[in-house]
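Have a look at the structure below before the remarks.
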Amino acid sequence: MMSAEIFFITTAIDYTNAPPHIGHAYEKVLADVIARWHRDRGRPVFFLTGVDQHGQKVQQSAERAGVPPAEFAREITAKFKALWVKLGIANDGWAETTDLRHVAAVQDVLRQLHDQGDLYKARHSGHYSVRQEQFLTDKERNEQGEFGPEWGEVVFLEEENWYFRLSKYRPWLAEYLAAHPEFVTPAFRGTELANAVAKEAGDLCISRPKSRLAWGIELPFDRDYVTYVWFDALMNYATFAGYRARDGAGLPDFESLWPCDAHVIGKDILVPAHGIYWPVMLKAAGIEAMPKLLVHGWWNLGGAKVSKSAGNIIDPDVLADRYGTDALRYYLMRDIATGQDADFNEDRLRTRYQADLANDLGNLVNRTVSMAHRYRGGVLAEVGVTDAEAFALRELGIEAARNFDTAMEDGFRVHAALESAWLLITAANAHVEKSAPWKLAKDPAEAARLDGVLVALVEAARLASALVHPVIPAAADTLLEQLGFSGDLSTQWGRVRAGHRLGQAAPVFPRLESQES
RNA sequence: GCCAGGGUAGCUCAGCGGUAGAGCAGGGGACUCAUAAGCCCUUGGUCGGGAGUUCGAUUCUCCCCCCUGGCACCA
C-alpha cells in the first residue's frame, strides 16, 4: 500500500513503415537514461516503448514489398527491437498495436464513446488523391489553384466516416493547460500548445472505410470501418499499462502506474496529437489524471532536417558498431540540450569519445586503479579526509552529485547533469597532478598522505562512474568493477572501507585509431 | 501568413539582470601514475542590428534583419 510510487515513462511508438534512424534512437536513449536514473536512485520504474504497426503507410509499404502488412510490420518491428537491445534500452513493457489485448481495449473505449454520444457519423465530400489516398484541401493547391502532378489522379469523392466530438472538450483542455503549466516540458512547448489549442476547431475524423484501408482495428459498432491512427496509436500508452486489461492478460496494474510521468515525444507530434487529441481522449474515456509530456528536439544534419527524402539518414546501428553503444548514447545525451535541436556530426562524436570518455573518465579510472596496484598492491587503507585538497575534492563530489540530480529533476536536462559529473572528473584528474602520488611513493614519511590520495581518487572515480551510469551503463559497470565497486551505484561520498580491494585496470574506452571513416 | 525556437570565441554550444563561459581547435610550460592520456598558463568575442526600461542588459521590453521548425499521420 505504501510502496514507492512507480515512475511511469513512455516513448512515442515508432511507425513500422521504415527502419529506425538516429532520431528514433535518440528518443529511446533519452527515455532510457531517465528511467535508469530513477532506478539507480532506488525508485521503481515502468518504462514502456513499442511500435505502431497499423495504417496506410504500412499497408502501402507492404504492398510495394509484396508481402502481407502483418508480415511487413513484423519484419520492421524486429529491426527496432534488435536496435533497442543493441543500444541497451531497458524497457519494461513493449507495445505492439496489433496485440490483441490492445485491440480489445481500444474497441472497448470506442464502444464507450459511441454509447455516450461522443462519436457521430458524417458525410464528407471533396477532392481525393488516388495515389496518396487522402482528401486534399485548398492548402494542397498550387499558385494556379490546381492540384499538382505529385497528387496523381484527383477525383471528387464523397465518403462517410466517424468523428469524435473534440470540440466538446476544447474548453476543458484550455482550462487544464492554463492551470497545469507542468503538463509540457520544456515550458516554451507548452506555450506553443496553448496557442494551438486556441486556434483548434472542429472534430476529429477517426475512421477509414475498409474499402480504402483494411489494415487497422475494426470499429466495434460499424464493421465496415477501421479506426484511423489516433485511437489506435495514442491509446497504447494506456492499454499496455494495463488499461481495461483482463485479469491474467500479463499487463501491469494500471492503477499503480497511471498517470504517466513522462511521455517522451518529438516536437513534431506535440500538436495536435499528444497535446490535444490524447488528453481529450483520456478525458472522454473517463480518466481524470493527466500524464506529463517531455518534448524533445531534433538532430539535424548540416542544418538540414533528417529525412528519408533528403537521403541523409544516419544509421544508429552503424554508429553503435563503429564506436560502441555507450559512446553513441553519451554523444546523443551530451551534445544536445534537452528540448532543443542540435546538429549531428560524426566528428563531434569522435571528439566527445576521445576527449570526454577516453581521456577524462576512462583515463582517470585507469590511472587510479593502476596507481593503487603499483603503490599499494590494489588494497586501500581506510583513511578519513586528511588534507585541504582532498576535502575540497570531496566537497566537489558531493556538489556534483547534487547538481546532477537537480539537472535531471529540472526539465530532464541530461546535458547539464553530465556537465556537472565532468566537473568532478576534471577535478579528480587535477587532484592527481596536485598531489603527485609518484613523488609521495618515493618518500616513506608520506605513506599516510599517499593512502589518503588514493582513497580520495577511488571515491571520486567511483562516484563519477555511478553518476554517469544511466547514460553509459555498460561502461560504468566495467569502471566500477575495476574500482572494486561492482554494482555500487550509491551517489554518496565515502564508500571505501579499510582493506578495500580494487579490480584490474584495463582501458574501458580504447583510443580511436586515427582513421578516415 | 500565424506560432515558436535559434542568431554568444575559429568550430560545436551552455548561460540568460551585476566586471563575458565550457569543450574542441591554436600557442607556451612543468610533470610522468595513466589509454603519448592528464595538469598549469595562454591567444581569441563591440553576446545579429537599433531603440528603450534600469544604478547596471548578452540576460527584460519594442522594432528590424537572417536561419530553423510547427501549423499537414515522418522521433
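In what follows, every chain begins at residue 1, and chains take the letters A, B, ... in the order their sequences are listed.
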Secondary structure of RNA chain B in dot-bracket form (Watson-Crick or G-U wobble, distances below 3.5 Å, | marking inter-strand pairs): ((((((((.[[[[.)..(..]]]].((((.........)))).....[[[[[..)....]]]]])))))))....
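Scored by the side-chain hydrogen bond (donor to acceptor under 3.5 Å, both in side chains) test, Arg348(A) finds Asp335(A) as partners (sequence neighbours excluded). Considering only residues two or more places apart in sequence or on other chains, Asn161(A) meets the side chain to side chain contact (heavy atoms under 4.5 Å, CB included) condition with Glu159(A), Tyr163(A), Cys205(A), Ser207(A), Pro209(A), Tyr225(A). For Asn359(A), the side chain to side chain contact (heavy atoms under 4.5 Å, CB included) test picks out Gln354(A), Arg511(A), with sequence neighbours left out. Looking at residues two or more places apart in sequence or on another chain, you find a side chain to side chain contact (heavy atoms under 4.5 Å, CB included) between Ala95(A) and Ile13(A), Leu48(A), Asn236(A), Phe240(A). With sequence neighbours excluded, no residue forms a side-chain hydrogen bond (donor to acceptor under 3.5 Å, both in side chains) with Ser465(A).
A salt bridge links Asp32(A) to Arg329(A): one of the charged nitrogens lies within less than 4.0 Å of a carboxylate oxygen. Salt bridge Arg189(A)/Glu192(A): present, at least one basic N to carboxylate O contact under 4.0 Å. Salt-bridge annotation for Arg449(A) and Asp443(A): absent, with no side-chain N of the basic residue lying under 4.0 Å from a carboxylate O of the acidic one. Looking at Glu433(A) and Arg367(A), a side-chain N of the basic residue comes within less than 4.0 Å of a carboxylate O on the acidic one, giving a salt bridge. The residues Asp405(A) and Arg402(A) are annotated as not salt-bridged, no charged nitrogen and carboxylate oxygen being separated by less than 4.0 angstrom. Salt-bridge annotation for Glu446(A) and Lys439(A): absent, with no side-chain N of the basic residue lying under 4.0 Å from a carboxylate O of the acidic one.
Here the separation of rA75(B) from rG6(B), taken at their P atoms, is 24 Å to the nearest Å. Spacing of P atoms, rU59(B) relative to rA20(B), comes out at 13 Å, to the nearest Å. The separation of rG38(B) from rG45(B), taken at their C1' atoms, amounts to 29 Å, rounded to a whole angstrom. A gap of 14 Å separates the C1' atoms of rU58(B) and rG49(B), to the nearest Å. Taking the P atoms as reference points, rA4(B) lies 11 Å from rC62(B), given to the whole Å. The separation of rG18(B) from rU54(B), taken at their C1' atoms, amounts to 12 Å, rounded to a whole angstrom. Going from the P atom of rG5(B) to that of rA37(B) covers 42 Å, rounded to whole Å. The same atom, C1', is picked in rG70(B) and in rG44(B); the two are 38 Å apart, to the nearest Å.
Following rounding to the nearest Å, Lys28(A) (NZ) and rA75(B) (P) show an atom-to-atom distance of 8 Å. For the pair Lys267(A) NZ and rC74(B) P, the computed distance is 13 Å after rounding to whole Å. Summarising the geometry, the separation between CG on Asp410(A) and P on rG15(B) is reported as 11 Å, rounded to the nearest angstrom. For the pair Asn300(A) CG and rG70(B) C1', the interatomic distance rounds to 13 Å; values are reported in whole Å. In this entry the distance linking NZ of Lys439(A) with P of rA30(B) reads 13 Å, nearest Å. Atom CD in Glu27(A) sits about 4 Å away from atom C1' in rA75(B), given to the nearest Å. Here rA75(B) presents its P atom at 16 Å from CD1 of Ile89(A), a figure rounded to the nearest Å. Atom P of nucleotide rC71(B) and atom NE2 of His274(A) are separated by 14 Å, given to the nearest angstrom.
The side-chain contact (heavy atoms from CB on, under 4.5 Å) with Leu361(A) is formed by just one residue from the set Leu479(A), Val508(A), Asn429(A); it is Leu479(A).
Along RNA chain B, the nucleotide nearest to Arg334(A) and the one nearest to Ser370(A) differ in position, and the one closer to the 5' end is contacted by Arg334(A).
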Return a table of donor-acceptor pairs under 3.5 angstrom between the side chains of residues 416-428 of chain A and protein atoms on other chains or two or more places apart.
| unit_1 | atom_1 | unit_2 | atom_2 | d |
| --- | --- | --- | --- | --- |
| Ser420(A) | OG | Phe404(A) | N | 3.4 |
| Ser420(A) | OG | Ala417(A) | O | 2.8 |
| Trp422(A) | NE1 | Asp356(A) | O | 3.4 |
| Thr426(A) | OG1 | Trp422(A) | O | 3.0 |

Side-chain donor/acceptor pairs under 3.5 Å, residues 269-282 of chain A, sequence neighbours excluded:
| unit_1 | atom_1 | unit_2 | atom_2 | d |
| --- | --- | --- | --- | --- |
| His274(A) | ND1 | Ile269(A) | O | 2.9 |
| His274(A) | NE2 | Tyr237(A) | OH | 2.7 |
| Trp278(A) | NE1 | His263(A) | NE2 | 3.0 |

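Backbone-only contact: Ile265(A) has heavy atoms under 4.0 Å from sugar-phosphate atoms and none from a base. Within 4.0 Å of Val508(A), counting heavy atoms only, lies at least one base atom of the nucleic acid. Using a 4.0 Å heavy-atom criterion, one finds that Ile269(A) contacts the sugar-phosphate atoms exclusively. Gly339(A) comes within contact range of no nucleotide atom at all, as no heavy-atom separation falls under 4.0 Å. Here Gly266(A) lies in heavy-atom contact (under 4.0 Å) with sugar-phosphate atoms only. Within the 4.0 angstrom heavy-atom criterion, base atoms lie near Phe509(A).
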Protein-nucleotides 11-14 of chain B N/O pairs under 3.5 Å:
| unit_1 | atom_1 | unit_2 | atom_2 | d |
| --- | --- | --- | --- | --- |
| rU12(B) | O2' | Arg348(A) | NE | 3.4 |
| rC13(B) | OP1 | Asp343(A) | N | 3.3 |

Identify the pairs formed between an N or O of the protein and an N or O of nucleotides 36-45 of chain B at a distance under 3.5 Å, and give each distance.
| unit_1 | atom_1 | unit_2 | atom_2 | d |
| --- | --- | --- | --- | --- |
| rA37(B) | OP1 | Arg511(A) | NH1 | 3.1 |
| rA37(B) | OP1 | Arg511(A) | NH2 | 2.9 |
| rA37(B) | O5' | Arg511(A) | NH1 | 3.1 |
| rA37(B) | O3' | Asn359(A) | ND2 | 3.1 |
| rA37(B) | O2' | Asn359(A) | O | 3.1 |
| rA37(B) | O2' | Asn363(A) | ND2 | 3.2 |
| rG38(B) | OP1 | Asn359(A) | ND2 | 3.4 |
| rG38(B) | O2' | Arg367(A) | NH1 | 2.8 |
| rG38(B) | O2' | Glu433(A) | OE2 | 3.3 |
| rG38(B) | N2 | Glu433(A) | OE1 | 2.7 |
| rG38(B) | N3 | Glu433(A) | OE2 | 2.9 |

Would you tabulate the nitrogen or oxygen pairs shorter than 3.5 Å linking the protein to nucleotides 2-4 of chain B?
| unit_1 | atom_1 | unit_2 | atom_2 | d |
| --- | --- | --- | --- | --- |
| rC3(B) | O3' | Asn195(A) | ND2 | 3.1 |
| rC3(B) | O2' | Asn195(A) | ND2 | 3.1 |
| rA4(B) | O2' | Glu192(A) | OE1 | 3.0 |

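When the nucleotides rA75(B), rC24(B), rC33(B) are ranked by their closest atom to the side chain of Thr351(A), rC24(B) comes out on top.
Contacts classified as ring-ring contact (aromatic ring centres under 6.0 Å, His included) and involving residues 200-219 of chain A (residues at least two apart or in different chains) are given here: His54(A)-Trp215(A).
You'll find the side chain of Tyr26(A) stays beyond 4.5 Å of the side chain of Val29(A), heavy atoms only.
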